[in-house]
There are 2 protein chains.
Amino acid sequence: MGKTDAFLEHAEAIERGLLDIGRAAKASGVSVKMVRHYEAIGLLRKVARTYANYRVYTMNDVHTLRFIKRARTLGFAIDDIRELLALWQNKSRSSAAVKKVAGAHLEELKRKIVEMKSMVATLEHLTHHCHGDHRPDCPILDDLAGARKPGA
Amino acid sequence: MGKTDAFLEHAEAIERGLLDIGRAAKASGVSVKMVRHYEAIGLLRKVARTYANYRVYTMNDVHTLRFIKRARTLGFAIDDIRELLALWQNKSRSSAAVKKVAGAHLEELKRKIVEMKSMVATLEHLTHHCHGDHRPDCPILDDLAGARKPGA
DNA sequence: CTGAAGTCTGCCACCATTGGAGGGTCAAGG
DNA sequence: CCTTGACCCTCCAATGGTGGCAGACTTCAG
């Protein structure tokens with residue numbers, strides 16, 4: 001508070017343990033592109049800049065980026081992550097609120113898996129019955145064309 | 001060939017068993033929007049028009065739309081469908097070519113399922129250990145924040 | 001001083017689909 | 001004839017998350 005906020009020259013910032021965007025990206029596993037993007041959409045605070053307008057990150061920012069990265073890896077959507085970040089930073093949160101977000105995502109994942117498994121089942125059935133040779137006859141195309149098992 | 005191609009007035013077209021886009025959409029299960037889109041990207045031929053510039057579809061077009069619809073339901077990408085449609089319409093195709101497209105898609109689906117299952121496993125583990133009550137302590141946030149089982 | 005590597009902003013592309021704006025057309029009924 | 005409502009038309013934009021490129025500037029090492 002007392003000290004001026006905008007000291008900030010690149011070399012000096014690095015010396016003081018701060019990171020430029022490249023280092024922050026490497027340290028968090030998020031691409032430089034996405035680091036900027038997350039800032040643009042308000043997932044990450046607007047970070048400080050050097051005189052040359054370079055972004056300057058603290059280790060705290062890197063933690064946030066890692067949090068985002070991990071959440072993305074678990075398939076959370078950006079808006080979910082926005083909420084999770086808010087909960088993370090809110091020390092009077094309830095774990096129920098967190099569990100609710102995770103639970104909804106979990107259900108969505110399961111729903112999608114069921115859907116894809118159904119596709120897989122159908123496709124495996126069809127490919128199993130497809131000769132896969134030089135001849136044109138193909139149950140896969142028959143199915144797509146709407147032929148429903150002529151024998152059944 | 002002999003007869004002029006562009007008779008085409010709306011009422012007459014309908015009488016002759018042709019369909020306007022709304023009917024074609026309903027008959028195929030594809031939305032009106034997407035019917036136009038599929039034409040725009042060359043998945044469906046450029047259909048004829050009435051004098052008033054309304055699109056006119058044949059039952060053949062409806063079959064194609066159903067084919068596309070079914071393929072999308074099975075998760076095929078547009079470019080895959082483009083290829084499948086070409087194979088469908090090519091009577092000297094080899095079933096092997098069809099099987100190859102389906103097989104690649106199948107593998108991709110399986111890959112995604114494995115990926116999502118891994119997410120589900122992690123999330124279920126975490127939510128299982130989350131109290132989900134008024135207290136702030138939450139293993140889900142701990143995981144996202146990078147805390148790796150302090151006990152282990 | 002020069003060159004390479006890093007950073008800045010801004011814009012476009014992907015994929016499939018939906019939505020809207022702003023207009024024309026068709027059919028039914030007054 | 002005129003209105004009304006349900007169609008249809010085209011064009012444009014947005015979604016979500018990421019990558020890529022262009023043109024300009026900065027930094028740092030040789």
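Reminder, nothing fancy here: chain letters follow the sequence lines and each chain counts from 1. Please read all numbers here as calculations on a predicted model, not as lab measurements.
Close to dC28(D), at under 4.0 Å from its OP1 or OP2, lies a side-chain N or O of His10(A).
Nucleic acid contact for Arg36(B): base, since at least one base atom lies under 4.0 Å from a heavy atom of the residue. Within 4.0 Å (heavy atoms only), Tyr38(A) reaches sugar-phosphate atoms of the nucleic acid but no base atom. Backbone-only contact: Ser31(B) has heavy atoms under 4.0 Å from sugar-phosphate atoms and none from a base.
The residues Arg70(B) and Asp143(A) are annotated as salt-bridged, a charged nitrogen and a carboxylate oxygen being separated by less than 4.0 angstrom. The pair Glu115(B)-Lys112(B) does not meet the salt-bridge criterion, since no charged nitrogen lies less than 4.0 angstrom from a carboxylate oxygen. In summary, Arg135(A) and Asp137(A) do not engage in a salt bridge, as defined by a charged side-chain N under 4.0 Å from a carboxylate O. Between Arg55(A) and Asp20(A) no salt bridge is recorded (no basic side-chain N to carboxylate O distance below 4.0 Å).
Counting to the nearest Å, the P atom of dG10(C) and the NE2 atom of His37(A) are 15 Å from each other. Per the geometry, CG belonging to Leu65(B) stands 16 Å off P belonging to dA16(C), to the nearest Å. Following rounding to the nearest Å, Ile41(A) (CD1) and dA14(D) (P) show an atom-to-atom distance of 16 Å. Counting to the nearest Å, the P atom of dT15(D) and the CG atom of Asp79(A) are 11 Å from each other. Distance Arg23(A) CZ to dC28(D) C1': 11 Å, rounded to the nearest Å. Computed from coordinates, the Ile21(B) CD1 to dC7(D) C1' distance equals 11 Å when rounded to whole Å. Separating the CD1 atom of Ile81(A) from the C1' atom of dT18(D) is a distance of 13 Å, rounded to the nearest angstrom. Atom CG of Asp80(B) and atom C1' of dA16(C) are 14 Å apart (whole Å).
Comparing dT17(C), dC9(D), dT7(C) against the side chain of Arg55(B) picks out dC9(D) as the nearest. Counting only heavy atoms from C-beta on, Arg49(A) has its side chain closest to dT9(C) among dA16(C), dT9(C), dT7(C). Residue Arg72(A) places its side chain closer to dG17(D) than to any other of dG17(D), dT27(D), dC9(D). Nearest nucleotide to the Val32(A) side chain, out of dT7(C), dT27(D), dA16(C): dT7(C).
For His105(A) against Leu74(A), the heavy-atom pair with the smallest separation is NE2-O, 2.8 Å.
Side chain Lys33(A) to base dG10(C): a donor-acceptor pair is found below 3.5 Å.
Residue Asp20(A) is the one, among Tyr54(B) and Asp20(A), whose nearest nucleotide of DNA chain C lies closer to the 5' end (criterion: closest heavy atom). Of the residues near DNA chain C, Phe76(B) and Tyr57(A), the one whose nearest nucleotide (by heavy atom distance) lies more toward the 5' end is Tyr57(A).
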